[in-house]
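Protein chains get the first letters and strands the later ones, always in sequence-line order, with residue 1 at the start of each.
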There are 4 protein chains.
Amino acid sequence: MIENGLYPENSKLPSESELSHMRGISRMTLRQALLLLQEDRYIVMRLGSGSYVSKVPSEKRAGLEKKTNPVYTSSQYGSNGLDPRKERQR
Amino acid sequence: MIENGLYPENSKLPSESELSHMRGISRMTLRQALLLLQEDRYIVMRLGSGSYVSKVPSEKRAGLEKKTNPVYTSSQYGSNGLDPRKERQR
Amino acid sequence: MIENGLYPENSKLPSESELSHMRGISRMTLRQALLLLQEDRYIVMRLGSGSYVSKVPSEKRAGLEKKTNPVYTSSQYGSNGLDPRKERQR
Amino acid sequence: MIENGLYPENSKLPSESELSHMRGISRMTLRQALLLLQEDRYIVMRLGSGSYVSKVPSEKRAGLEKKTNPVYTSSQYGSNGLDPRKERQR
DNA sequence: GTGGTCTAGACCACT
DNA sequence: GTGGTCTAGACCACC
């Protein structure tokens, strides 16, 4: 979603609670993802404030720089950042 | 800071607002710390007036007296009491 | 609400988030109330689990036992525990 | 300032601290004024949130309705709401 | 202008 | 998804 330009540099991400609901995953799983992003310096998590984009990875230069925690996806989500799987049965 | 002699007995501490800015934390968090210090009788908070040092803990005699709310620090701040982390990101 | 029998002994209270919405107050304020109740041993707050009633104060015997943190109310709420003031202005 | 359209209906007034500095008066004096305005239903003071304009008095109809707490001024302030007396010696 | 309290909302640590 | 803590900023009661 950051690569897709949905969240520009220095912008504030939705809250952990919102993001986890958007993707249909638990907060624990979402936090693990955020912590990996922070480890790679893509975001900064500020206690009591929110998570902020600190660097937008360049899709074009993929391969020139090594990502410590690469993302393996079989598909990309739309620009609204919503997980289509969310409309699943409960 | 009291142990370091920065604020002697019966002296007036900076206001809660000042102290919170000095340490780079919110006033609510600073107040929780002051309330713990007051619980241990190190300071007295006077409504509408300020906070005052009522007892200076002796570092040397550490262990002879029991602190209800001990402080766990990995480092000590300078004599100006300023938090070097204050230059935090935005 | 505990005195009114809404939450019997050993029962689980609604979450802090729910209770704060029910009463139309912020979660921080609700927590201060819960902490006072816990101090007086009426409830137990279990991290990651919830708050539980540990003792039901007897209204009838009021005066025979001393409450450290008494409640001063000008009125009582209904059995649903909802605050009529909740429809506040914005 | 409300009559001059500086603060429209449902808008949020500056904080008590800001307003008192703007007019060069103490917060106590400013609060007395706000409380009078609230008594006349011109504003609503929401604890922990701020003061909000609830009704804009009509200058044109002055006299048709009775103000409980009328304002007696010898002059009007500019649209910026700043008190010219503020630039006084200290 | 101080300490005291409240709002609204976030991340953190835990079950 | 809970309680625990923190942020940022407001009004309240008081000196």
Side-chain angles (χ1 to χ4, degrees), chain A residues 12-21 25-32 34-35 38 43-52, chain B residues 12-21 23-38 43-52 88-90, chain C residues 12-21 23-38 43-52 88-90, chain D residues 12-21 25-32 34-35 38 43-52:
Chain A
K12 186 173 171 305
L13 296 183
S15 71
E16 295 184 353
S17 184
E18 276 185 84
L19 279 173
S20 63
H21 281 96
I25 59 178
S26 76
R27 279 195 47 213
M28 283 302 292
T29 304
L30 181 99
R31 266 182 68 74
Q32 289 178 18
L34 289 184
L35 289 169
Q38 176 165 259
I43 65 170
V44 175
M45 300 165 80
R46 289 181 55 202
L47 196 158
S49 171
S51 292
Y52 299 84
Chain B
K12 185 174 174 302
L13 296 183
S15 72
E16 295 184 352
S17 184
E18 277 184 83
L19 278 174
S20 63
H21 280 97
R23 305 306 287 250
I25 60 178
S26 76
R27 205 189 129 202
M28 285 302 294
T29 304
L30 190 272
R31 266 182 67 76
Q32 290 181 16
L34 289 185
L35 288 169
L36 291 178
L37 284 175
Q38 176 165 258
I43 65 170
V44 175
M45 300 164 81
R46 298 197 193 128
L47 198 160
S49 169
S51 294
Y52 300 84
R88 72 188 191 281
Q89 195 155 356
R90 279 189 184 276
Chain C
K12 186 175 173 302
L13 295 182
S15 72
E16 295 183 352
S17 184
E18 278 185 83
L19 278 173
S20 63
H21 281 96
R23 307 305 288 250
I25 59 177
S26 75
R27 206 189 129 202
M28 284 303 293
T29 304
L30 190 273
R31 267 182 67 75
Q32 290 181 15
L34 289 185
L35 289 169
L36 291 178
L37 283 176
Q38 176 165 258
I43 65 170
V44 175
M45 300 164 81
R46 296 195 195 130
L47 197 159
S49 171
S51 294
Y52 300 83
R88 72 188 190 278
Q89 195 156 355
R90 275 190 185 277
Chain D
K12 188 174 173 300
L13 296 183
S15 71
E16 295 184 353
S17 184
E18 276 185 84
L19 279 173
S20 63
H21 281 96
I25 60 179
S26 76
R27 279 195 48 214
M28 283 302 292
T29 303
L30 181 98
R31 267 183 67 76
Q32 290 179 17
L34 289 184
L35 289 169
Q38 176 165 259
I43 65 171
V44 174
M45 299 165 80
R46 288 183 54 204
L47 195 158
S49 171
S51 293
Y52 298 83

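Pairing each heavy atom of A:L34 with each of A:L13, the nearest pair is CD2-CD1, 4.2 Å. Taking every heavy atom of both residues into account, A:L30 and A:S20 meet most closely at CD1-N, 4.0 Å. A pairwise comparison of heavy atoms in D:L19 and D:P14 identifies CD1-O, 3.6 Å as the closest pair.
Backbone-only engagement by B:R46 is indicated by non-hydrogen atom pairs under 4.0 Å involving sugar-phosphate atoms exclusively. Counting any heavy atom pair closer than 4.0 Å across all strands shown, C:M28 reaches a base atom. Among the protein residues, B:R27 comes within range of the nucleic acid bases, having at least one heavy atom under 4.0 Å from a base atom. Across all strands, B:S51 comes closer than 4.0 Å only to sugar-phosphate atoms, never to a base (heavy-atom distances).
Pair assignment for E:dT2 gives F:dA13, based on Watson-Crick or G-U wobble hydrogen-bonding distances that are each under 3.5 Å.
Separating the CD atom in C:Q38 from the CZ atom in C:R46 is a distance of 10.5 Å, to the nearest 0.5 Å.
Taking the nucleotide of DNA chain F with the nearest heavy atom to each of C:Q38 and B:L47, the more 5' of the two is matched to C:Q38. Projected onto DNA chain E by closest heavy-atom contact, A:K12 and B:L13 fall at different nucleotides, the more 5' of which corresponds to B:L13. Take the nearest nucleotide of DNA chain F for C:S15 and for D:G50: the residue whose nucleotide is more 5' is C:S15. Nucleotides of DNA chain E nearest to C:S49 and B:G48 differ in position, and the one nearer the 5' end is that of B:G48.
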Handout entry: Derivation and outcome, side chain to side chain contact (heavy atoms under 4.5 Å, CB included), residues D:L35 and D:M45
Key = CA-CA 8 Å; D:L35 289 169; D:M45 299 165 80; 3.8 Å; yes
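At the phosphate of E:dT7, OP1 or OP2 sits under 4.0 Å from a side-chain N or O atom of C:S26. A sub-4.0 Å separation between OP1 or OP2 of F:dT7 and a side-chain N or O of B:T29 is present. Contact check, B:Q32 against F:dT5: no side-chain N or O comes under 4.0 Å of OP1 or OP2.
Checked against E:dA10, F:dA8, F:dC12, the side chain of D:E16 finds its nearest nucleotide in F:dC12. For A:H21, the side-chain atoms get nearest to F:dG1 when compared with the rest of F:dC12, F:dG1, F:dC6.
Whole-Å rounding puts the C:L19 CG to E:dT7 P distance at 14 Å. In this structure, CE of D:M45 is placed 11 Å from C1' of F:dA10, rounded to the nearest angstrom. The interatomic distance linking C:L30 (CG) with E:dT5 (P) rounds to 16 Å, in whole Å. Rounded to a whole Å, the CG atom of C:L34 is 13 Å from the P atom of E:dC6. In this structure, CZ of D:R31 is placed 8 Å from C1' of F:dA13, rounded to the nearest angstrom. Straight-line distance from the CD atom of C:E18 to the P atom of F:dG1: 11 Å, rounded to whole Å.
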